[in-house]
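Along the sequence shown, the residues carry numbers beginning at 1.
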Amino acid sequence: MVKDNIKRISEEDFKAFDDRKRVKIINSLSGFKSANLIGTINNQGQTNLSVVSSVVHLGASPALIGMVIRPDVSRRDTLNNIRENGEFTINHINEEIVEKAHQTSARYPQDVSEFDACKLTEEIKDNFKSPFVAESKIKFSVKFVREIKIEENGTHFIIGEIKNVYLPESCICDDGHIDIHQAQTVCVSGLDSYSKPKHIGRLSYAKPDKALHWIK
């Protein structure tokens with residue numbers, strides 16, 4: 001086996017890179033990330049859909065979720081809509097809609113809905129104002145809780161509380177674990193590299209005095 005050469009990229013190297021190259025390198029370092037579509041609506045009834053790779057679990061009691069939205073030095077319809085209506089939906093991207101989902105990152109005019117432009121279907125559930133993506137197999141509604149501006153780079157961290165979850169019954173294990181592989185959920189690395197995760201297995205709860213075992 002040939003040993004690969006290790007390349008060192010220094011802080012000085014980062015500063016010398018053009019903006020696009022620097023963004024791609026740094027964005028890839030955090031590894032595989034969740035790939036979701038965020039559904040929102042403004043007070044005029046205009047819907048919006050955007051792909052986000054920064055959704056993170058914050059806690060189960062209460063059920064909190066977080067995500068990062070880029071600086072609003074330019075128009076940010078998702079952020080503005082969340083501020084207006086105090087809610088949004090999170091929809092897993094699956095294999096069947098990867099191209100359409102990625103296309104939502106294009107800068108469409110404010111009066112054009114990404115649902116229409118990218119040929120995805122709006123879905124309203126349980127009188128929730130913000131639209132879901134009908135083609136998404138795992139999705140949930142979120143109530144806005146708080147916005148934190150990250151002063152170091154101008155990004156916005158949005159905290160929300162999960163209200164209702166919708167998913168195939170076959171994806172729910174007896175112990176509550178959600179098998180997202182059955183829903184063909186994909187992940188993303190960097191800005192544009194989508195992958196289908198290969199399931200290795202589930203490990204038992206780790207304890208210092210007990211050996212681990214694989215859960216069937």
Side-chain angles (χ1 to χ4, degrees), residues 19-20 23-24 26-27 33-56 58 64-94 97-166 185-188 190-192 194:
D19 288 346
R20 287 187 177 275
V23 166
K24 287 180 179 295
I26 298 297
N27 206 292
K33 298 167 287 187
S34 62
N36 294 283
L37 287 167
I38 308 302
T40 59
I41 189 170
N42 66 18
N43 288 337
Q44 288 71 50
Q46 178 66 55
T47 58
N48 178 266
L49 195 61
S50 62
V51 60
V52 168
S53 63
S54 60
V55 172
V56 291
L58 295 180
L64 297 179
I65 204 85
M67 66 178 180
V68 177
I69 295 181
R70 288 182 292 176
D72 54 348
V73 291
S74 58
R75 199 185 87 232
R76 296 284 177 226
D77 293 332
T78 295
L79 180 60
N80 292 337
N81 293 351
I82 291 173
R83 286 169 173 169
E84 279 189 14
N85 280 315
E87 60 172 46
F88 54 99
T89 69
I90 298 180
N91 308 263
H92 283 205
I93 297 174
N94 58 57
I97 61 170
V98 171
E99 292 184 19
K100 294 177 180 179
H102 186 74
Q103 184 60 31
T104 66
S105 61
R107 289 187 176 276
Y108 291 100
Q110 190 172 17
D111 60 351
V112 174
S113 171
E114 287 80 5
F115 280 98
D116 296 331
C118 303
K119 296 181 171 53
L120 290 164
T121 309
E122 293 182 24
E123 182 179 34
I124 300 300
K125 288 182 172 291
D126 297 320
N127 297 317
F128 199 71
K129 288 184 294 184
S130 295
F132 294 87
V133 178
E135 292 83 357
S136 177
K137 298 175 183 178
I138 298 178
K139 46 202 158 190
F140 46 101
S141 56
V142 183
K143 178 184 176 182
F144 171 69
V145 173
R146 188 152 53 99
E147 174 187 345
I148 301 171
K149 184 171 182 179
I150 300 174
E151 299 295 339
E152 287 74 11
N153 63 0
T155 56
H156 304 264
F157 188 72
I158 302 298
I159 299 174
E161 183 174 0
I162 298 171
K163 307 309 289 184
N164 290 305
V165 179
Y166 306 91
T185 294
V186 301
C187 60
V188 62
L191 298 172
D192 51 21
Y194 294 88

Colleague: Exactly one of Val52, Val188, Val55, Ile93 should register a side-chain contact (heavy atoms from CB on, under 4.5 Å) with Ser34. Which one does?
Modeller: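 Considering Val52, Val188, Val55, Ile93, a side-chain contact (heavy atoms from CB on, under 4.5 Å) with Ser34 is found only for Val55.
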Colleague: Compute whether any side-chain donor of one residue and acceptor of the other, for Lys137 and Asn94, lie under 3.5 angstrom apart.
Modeller: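 There is no such pair between these side chains.
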Colleague: Please identify each residue that fulfils ring-ring contact (aromatic ring centres under 6.0 Å, His included) with Tyr194, with sequence neighbours left out.
Modeller: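 If we apply the ring-ring contact (aromatic ring centres under 6.0 Å, His included) test to Tyr194, skipping adjacent residues, the hits are His102.
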Colleague: Shortest non-hydrogen contact from Asn153 to Pro71?
Modeller: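 What the structure gives for the nearest pair is O-CG, 3.4 Å.
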Colleague: Quick check: closest heavy atoms across His92 and Asn36, and the distance to 0.1 Å?
Modeller: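 Nearest pair, atom of His92 first, then Asn36: CD2-OD1, 3.3 Å.
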Colleague: Okay, side chain of Lys143, backbone of Lys163: is any donor-acceptor separation there less than 3.5 Å?
Modeller: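 Side chain of Lys143 to backbone of Lys163, a donor-acceptor pair under 3.5 Å: no, none is there.
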Colleague: Look up atom CG in Leu37 and atom CZ in Phe115, then write down how far apart they are to the nearest 0.5 Å.
Modeller: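 Output value for this atom pair is 8.0 Å.
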Colleague: Scan side-chain atoms only and decide if Thr89 and Ser130 contain a donor-acceptor pair under the 3.5 Å cut-off.
Modeller: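 Per modelled atom types, Thr89 and Ser130 side chains form no pair under 3.5 Å.
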Colleague: Is it true that a side-chain atom of Lys125 and a backbone atom of Phe140 form a donor plus acceptor pair closer than 3.5 Å?
Modeller: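 Between the backbone of Phe140 and the side chain of Lys125 there is no qualifying donor-acceptor contact (under 3.5 Å).
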Colleague: To the nearest 0.5 Å, what is the distance between CD1 on Ile82 and OG1 on Thr40?
Modeller: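 Spacing of CD1 (Ile82) from OG1 (Thr40) equals 6.5 Å.
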Colleague: Taking the side chain as C-beta and beyond, is there a heavy-atom pair between Pro131 and Ile41 under 4.5 Å?
Modeller: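 When only atoms from C-beta onward are counted, Ile41 and Pro131 do touch, with a gap below 4.5 Å.
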Colleague: Tell me, do Ile69 and Ile158 make a side-chain contact under 4.5 Å, heavy atoms counted?
Modeller: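 When only atoms from C-beta onward are counted, Ile158 and Ile69 do touch, with a gap below 4.5 Å.
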Colleague: What's the separation between atom CD1 in Ile38 and atom CG in Asn81, rounded to the nearest 0.5 Å?
Modeller: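 Between atom CD1 of Ile38 and atom CG of Asn81 there are 12.0 Å.
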Colleague: Rounded to the nearest 0.5 Å, what separation is found between the NZ atom of Lys129 and the CD1 atom of Ile124?
Modeller: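 The CD1 atom of Ile124 is 11.0 Å from NZ of Lys129, to the nearest 0.5 Å.
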Colleague: Would you check if Tyr108 and Leu49 make a side-chain contact, meaning some heavy-atom pair closer than 4.5 Å?
Modeller: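 Answer no - side chains too far apart.
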Colleague: Does a side-chain N-to-carboxylate-O contact under 4.0 Å join Glu135 and Lys100?
Modeller: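 Answer for the salt bridge query: no.
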Colleague: Suppose the criterion is ring pair (Phe, Tyr, Trp, His ring centres under 6.0 Å): which pairs have a residue in residues 117-136, not counting sequence neighbours?
Modeller: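 Ring pair (Phe, Tyr, Trp, His ring centres under 6.0 Å) check on residues 117-136 returns Phe132-Tyr166.
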Colleague: Looking at OG of Ser50 and CZ of Arg70, how far apart are the two atoms once the value is rounded to the nearest 0.5 Å?
Modeller: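 Answer for the OG-CZ pair, Ser50 versus Arg70, is 9.0 Å.
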Colleague: Check the pair Leu79, His156 against side chain to side chain contact (heavy atoms under 4.5 Å, CB included), reporting the backbone distance first and the verdict last.
Modeller: CA-CA 9 Å; Leu79 180 60; His156 304 264; 3.7 Å; yes
Colleague: Would you say the side-chain atoms of Asn91 and Ser136 include a donor-acceptor pair closer than 3.5 Å?
Modeller: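 Per modelled atom types, Asn91 and Ser136 side chains form no pair under 3.5 Å.
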Colleague: Quick check for you: to the nearest 0.5 Å, what is the distance between Glu114 atom CD and Leu120 atom CG?
Modeller: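 Glu114 atom CD to Leu120 atom CG measures 10.0 Å (nearest 0.5 Å).
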Colleague: Taking CD in Gln44 as the centre, count heavy atoms belonging to other residues, nucleotides or ligands within less than 6.0 Å. Is the count above 12?
Modeller: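 For Gln44, atom CD is crowded (more than 12 foreign heavy atoms under 6.0 Å).
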Colleague: Tell me, which pairs form a salt bridge (charged side-chain N to carboxylate O under 4.0 Å, His left out) where one or both residues lie in residues 77-91, sequence neighbours left out?
Modeller: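 Every pair satisfying salt bridge (charged side-chain N to carboxylate O under 4.0 Å, His left out) with a residue in residues 77-91: Asp72-Arg83, Arg75-Asp77, Arg83-Glu147.
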